[in-house]
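I have placed the structure first, in the form of structure tokens, so that the comments after it can refer back to it.
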Amino acid sequence: MAEIRLRDSRTRREVPLEPTVVPGKVSLYVCGPTVYDRAHLGNARPAIVFDVLFRLLRHVYGEHAVTYVRNITDVDDKINARAAETGRPIADITAETTRWFHEDMAALGVLPPTHEPRATAYIAQMVAMIERLVARGHAYAADGHVLFSVESFSDYGALSGRSVDDMIAGARVEVAPYKRDPMDFVLWKPSAEGEPGWESPWGRGRPGWHIECSAMSHALLGETFDIHGGGNDLMFPHHENELAQSACAHPGGGFARIWMHNEMLQVEGKKMSKSLGNFFTVRDLLDRGIPGEVIRFVFLSTHYRKPMDWTDDKAKHAEATLRKWRALTGGVPPGDVHPEVERALADDLNTPRALAELHRLANEGDSTALRASAEVMGLLTDDLGGWTAAGPASGADMTCLVELKDQLGAAREAAKASGDFTEVDRLKAALKAAGVEVRMSKEGIDLVPGVDFDGERLRALAAEPEAGR
């Protein structure tokens, strides 16, 4: 069994995953979507990152030894605002956008989690946790609200590594007369007429955002679980507040033993924003004809802790690579996951290194290991293969590519001896004209069919008589 090491955001170092809460079983909680609109490209990154982790854990520990919880936030001010803006019932909005999220994530090859709790189904657990915090002196009621007292938790700020003064200076702190301290945050707030609300000891109201995840993770995973994940934009205040209220409500537990945060996404080198015109939803890309598997490949090409830049060029390269790999593995049963791929993923989800190993396996023609190793990353699966059904690179085309690769290699060796590279240049130009990308290095030659691949032209090139070459 591979030792999995993960970067813990709280300690800022890589630590071994040692599932001691329940020996041999792993528990994972990831903050899911707030369902009021389509999932944008940035929302897809944590979904894909932690799907790879989920797949790796199932591979190492066994499918039934991993419990993955990803919540749905279906009570929130953004949802209320969307209902007021459109005049539609909140239930209709959350049902529709949840369905959209499921469809879009399935198109990216994201597996359903073990549990997907909706916040509105756990209101009673939230109220109970808030009552516990009040009773223990960590929260107080004021003007129909209940607030967590940040001063009552001495380790506040340990996760994000900020002092309270830094957090006040860098955050949008709501100033309210009922707060004892500007940093105190809402656990419960009153609901206005027409807004969703539930009865509570403090009157009709609804929960604050942070208490939702604390209550749901406790209900499904207990006081201590192995891994908590999400985007690094959630580290403060959401995860900092989750940690504080959970530690105070259940001081005997450890809450999350390892915290993982993925970096943010850019588009063509710039922060994604509607004002720059580079804001995309997952559905926008799918509707443009970019396959979900291609989107997933581009995401996995960058380590999850590094900023990721989405570019059209990366998508083209990903599509060409996946076409080649699918042609190599078509009809081939998966073998064993290659140890080097497993080691790469076990090293804090080093997906770029794992993809480099997949390239090597493809170049060596090890199709069974390629397929099994790709599948543990959610690539080359049967579910995502439909987009290549009418693809240009058939098995016959791949045979031609192998033959032409050998010819180009022989021509290169002859050119090195003679100094005449005319034939090398001719073959490269002919391959490019057939929509094939030629990659030449000290390690060898790789021919990759591109998006403008012309199989008929390639086969004609391969069928040229020797004298014409």
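Just so it is clear, the values below take in all heavy atoms, side chains as well, and ignore hydrogens, waters and symmetry mates.
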Mind telling me whether [Y] and [X] have parallel, tilted or perpendicular rings, with 30° and 60° as the class edges?
X	Y	value
H210	F185	perpendicular
F148	F153	perpendicular
H261	W259	parallel

Any donor and acceptor pair, going by atom type alone, linking the side chain of [X] with main-chain N or O of [Y] inside 3.5 Å?
X	Y	result
T381	E375	no
R10	A256	yes
S27	D226	yes
N350	A344	no
N278	K271	yes
T302	V298	no
E212	Y122	no

Is the closest basic N to carboxylate O distance between [X] and [Y] below 4.0 Å?
X	Y	value
D51	R55	yes
D76	R82	no
R7	D348	no
R70	E116	yes
R360	E340	no

Between T67 and T114, is the side chain to side chain donor-acceptor pair (under 3.5 Å) condition met? List the steps. CA-CA 6 Å; T67 301; T114 315; 5.2 Å; no
Flag side-chain contact, heavy atom, 4.5 Å: Q266 against M308: no
Here's one to test your reading of the geometry: is the NZ or CZ of R180 within 45 degrees of the ring axis of Y140 and under 6.0 Å from its centre? yes
Taking the six-membered ring of F280, is NZ or CZ of R288 closer than 6.0 Å to its centre and within 45° of its axis? yes
Please confirm whether F255 and F225 have ring centers closer than 6.0 angstrom. yes
Nearest 0.5 Å, please: how far is OG in S373 from CG in L355? 11.0 Å
To the nearest 0.5 Å, what is the distance between OH (Y156) and CD (E240)? 5.5 Å
Qualifying residue, where the test is side-chain contact (heavy atoms from CB on, under 4.5 Å) with T94 and the options are T73, T120, D74: D74
So which atom in R296 and which in G109 form the shortest heavy-atom distance, rounded to 0.1 Å? NH1-O, 3.2 Å
Establish, from distance only, whether the side-chain atoms of E357 and H338 form a donor-acceptor pair under 3.5 Å. no
